[in-house]
Amino acid sequence: MNISELFGEMVFNETVMKERLPQETYNALKDTIRMGSALDEDVAGVVASAMKDWAIEKGATHFTHWFQPLTGITAEKHDSFISPHNNGSAIMEFSAKELIKGEPDASSFPSGGIRVTFEARGYTAWDPTSYAFIKDETLCIPTVFCSYSGEALDKKTPLLRSMQLINQQALRMLKLFGHDDVKSVNANAGAEQEYFLVEKELFDQRKDLIFCSRSLFGAKPPKGQELDDHYFGAIQPRVKLFMRDLDNELWRLGVYAKTEHKEAAPGQYELAPIYSGVNTATDHNQLTMEIMKKVALRHGFVCLLHEKPFAGLNGSGKHNNWSLSTDTGINLLNPGSSPQSNMLFLIFLCAVIKGVDDYQDLLRASVASAGNDCRLGAQEAPPSIISIFLGDDLESILSSIEAKEDYEAASYRTLESGVKVLPHLRLDNTDRNRTSPLAFTGNKFEFRMPGSSHSIADANTIINTIVAESLRLFADELEQAEDLKTATFKLLRRTIRNHKRILYSGNNYSKEWVDEAESRGLTNHPTTVDALPSLISPKNVELLTKHGIYTKRELESRYEISLESYSKLIRIEANTMLEMARKEILPAVFEYEKLLSDTINSKKAVSSVLTAPEEELLRDISDNANKLYIACGKLKSEILNASNIADSLALAEYCRDVTLPTMNELRSYADELEVLTAKEFWPFPTYEDLLFNF
Ligand code: ADP
Ligand code: MG
């Protein structure tokens, strides 16, 4: 098979557009894509018709607006191209209107109160900056999703707004430094996706995996990941076939799936794409998750995207590699061979440092979810405290800038000569810090906190915005400067001094770091419930509304929706636990108890001395079964109590402080029972079965 032919086969991309659109239509569309200029309806009509013909040739029969509502997964509503024609025949049609605008009956997507029922209509609007593609015989049109009054009901609209913002602010800076040829600045992302595979046949036997995508029970297997023998190990033949198939499907959709390897935990893998603009990267990551699940089923696996499917093993994240580049091909985070005199690089670097320090809480909130709570702060994932790792070389450059005493007189020259001779930045892996939530990795920042199931839209929206805000302040100051070099140096120096507390190169997993971070005054929001209120704090609302990224109402609705889904998820997990404990675990344990007591009785008939091990085992089992039963009652009544709490924050706090601890307690008895009960009696596959059996 020829990969270059296969690649993008199902995408209405540059090449196809050029081939199929009249020159002026193509130019108009390109202007829209490049400059965001409005597209007129005649042009859209020509595009629609060309898209339809292309799609039908590729076997498509339907089209759908493809959008990303606040559920975090993508949504589609299929319509066929079919349209009635004379004497009962049919023709295939696709109009400009159908391309540009859709009105999905969207009343059941979460809106956090933005869309009251009388104005339940939401509409989808074509996003021409992201290519249309064909999936499952359906032409998918990437769209944004808004309420009738124009408020964003999706994750993509704010992302697009943040891209405009960072473009605008970065251009000011580039202009100041004489890069007049640059017309646009793009934020890029490469999202490394982690996931687990389990056998479908085993998956089907576990209600917790079916309903919650994570195991709620399971004793530790004798072997976990302690030997580190899974990481980058040889890939099993069946998994390899799955990966081949996955790559093929993704390539056809124009997704640059690049690297596939095993991760640290047994059954865990990673897919890394080649990076692209954040809008495309976000769409492609959504597609990747969807296609992974679909292809896994074809190979008899289920793909788990939950952040922590198995207790005691590594969870799954999504490393979001972020950078800024110009349309002229400059990576603004590339330090070059002498970063100490690369003013532009230092400005952008410091803009990130300042933005992240000023808005730690907002960045933390952008990755908050019940699933991610199980992972962040566990020993294998970044903690919920935000900090930046720069590496020794960059840190020492920043220190020497900061240490400069005579900054008033400083200029490029003194800066250059004043800095000790520094080695070129080492770009290899050796000085990488894998524990940092946000690490500078050569020419990009790697944000490691997003959860494996998340859309990367939220995190990138926030990163773009907070960096743009720093750039805005910097540009405001430097545009007024009499001497740009002196002013820049002064600004860098002040920024480093004021924000260096966010830099940390030690072990972020350690207890010392938690204490150290506290003494530095850094924000620590260990759970989603702690983190979410930052979405509506006055300081953050001011930032986000000022730049038109979110309206106040959009923020409030997102806050409400996130709290609600947190509480709903925990209620579903609690109910699933009850179901499994009462209908599966206890009955199985009672069976085994019966076998033990029958044995005891028949042995007793011979001699009472012989029954010791059975009796002791029975006592242990009975004791744990009793505790499990009591914990079930407790959890049941807590679930009932929760339904009386109307306030969404109070409810989420209750779930975190009352329900989750009881769930953990309940689990501990069940896991103990699993250890004590004979294998053949245990009602569902164990960790050992799930993790080591393929
Ligand atoms: P690793 O982090 O495992 O060492 P790489 O550094 O090669 O691997 O890349 C990890 C991810 O970062 C890939 O998805 C890659 O496409 C992406 N990436 C590389 N360069 C950039 C960049 N300039 N901007 C954004 N993402 C990038
Ligand atoms: Mg990585």
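Atoms within each ligand, like the ligands themselves, are counted from 1 in listed order. Computed from a prediction, not measured in an experiment: that's the story for all the values here.
- Proximity of His319 to ligand 1, defined as any heavy-atom pair under 4.0 Å, is not found for any part of the residue.
- For ligand 1, one of its N or O atoms has an N or O atom of Ser323 under 3.5 Å away.
- Counting heavy atoms closer than 4.0 Å to ligand 1, residue Thr441 contributes nothing at all.
- Residue Glu446 places a heavy atom under 4.0 Å from ligand 1.
- Note: an N/O pair closer than 3.5 Å links Tyr275 and ligand 1 by distance alone.
- Between Arg434 and ligand 1, no N or O atom pair is found at a separation short of 3.5 Å.
- The distance from ligand 1 to the heavy atoms of Asn331 drops below 4.0 Å at these ligand atoms: 23 (N).
- Considering only non-hydrogen atoms, atom 14 (O) of ligand 1 lies nearest to Pro273 out of Ala272, Gly277, Pro273.
- Under a 3.5 Å cut-off, the side chain of Asn167 and the backbone N or O of Val185 do form a donor-acceptor pair.
- Results of the ring pair (Phe, Tyr, Trp, His ring centres under 6.0 Å) test with Phe145 over Trp126, Phe67, Trp66 single out Phe67 as the only residue that passes.
- Heavy atoms from other residues, nucleotides or ligands lying under 6.0 Å from NZ of Lys546 number more than 12.
- Interface of Ile274 with ligand 1, defined as ligand atoms under 4.0 Å from a residue heavy atom, comprises 16 (O).
- More than 12 heavy atoms of other residues, nucleotides or ligands sit less than 6.0 Å from atom NZ of Lys30.
- Pairs engaging residues 275-288 under the salt bridge (Lys or Arg N to Asp or Glu O under 4.0 Å) rule: Lys156-Asp283 [sequence neighbours left out].
- Here the side chains of Ser505 and Leu390 are not in contact, with every heavy-atom distance at 4.5 Å or above.
- No side-chain N or O of Gln164 forms a donor-acceptor pair with one of Arg161 less than 3.5 Å apart.
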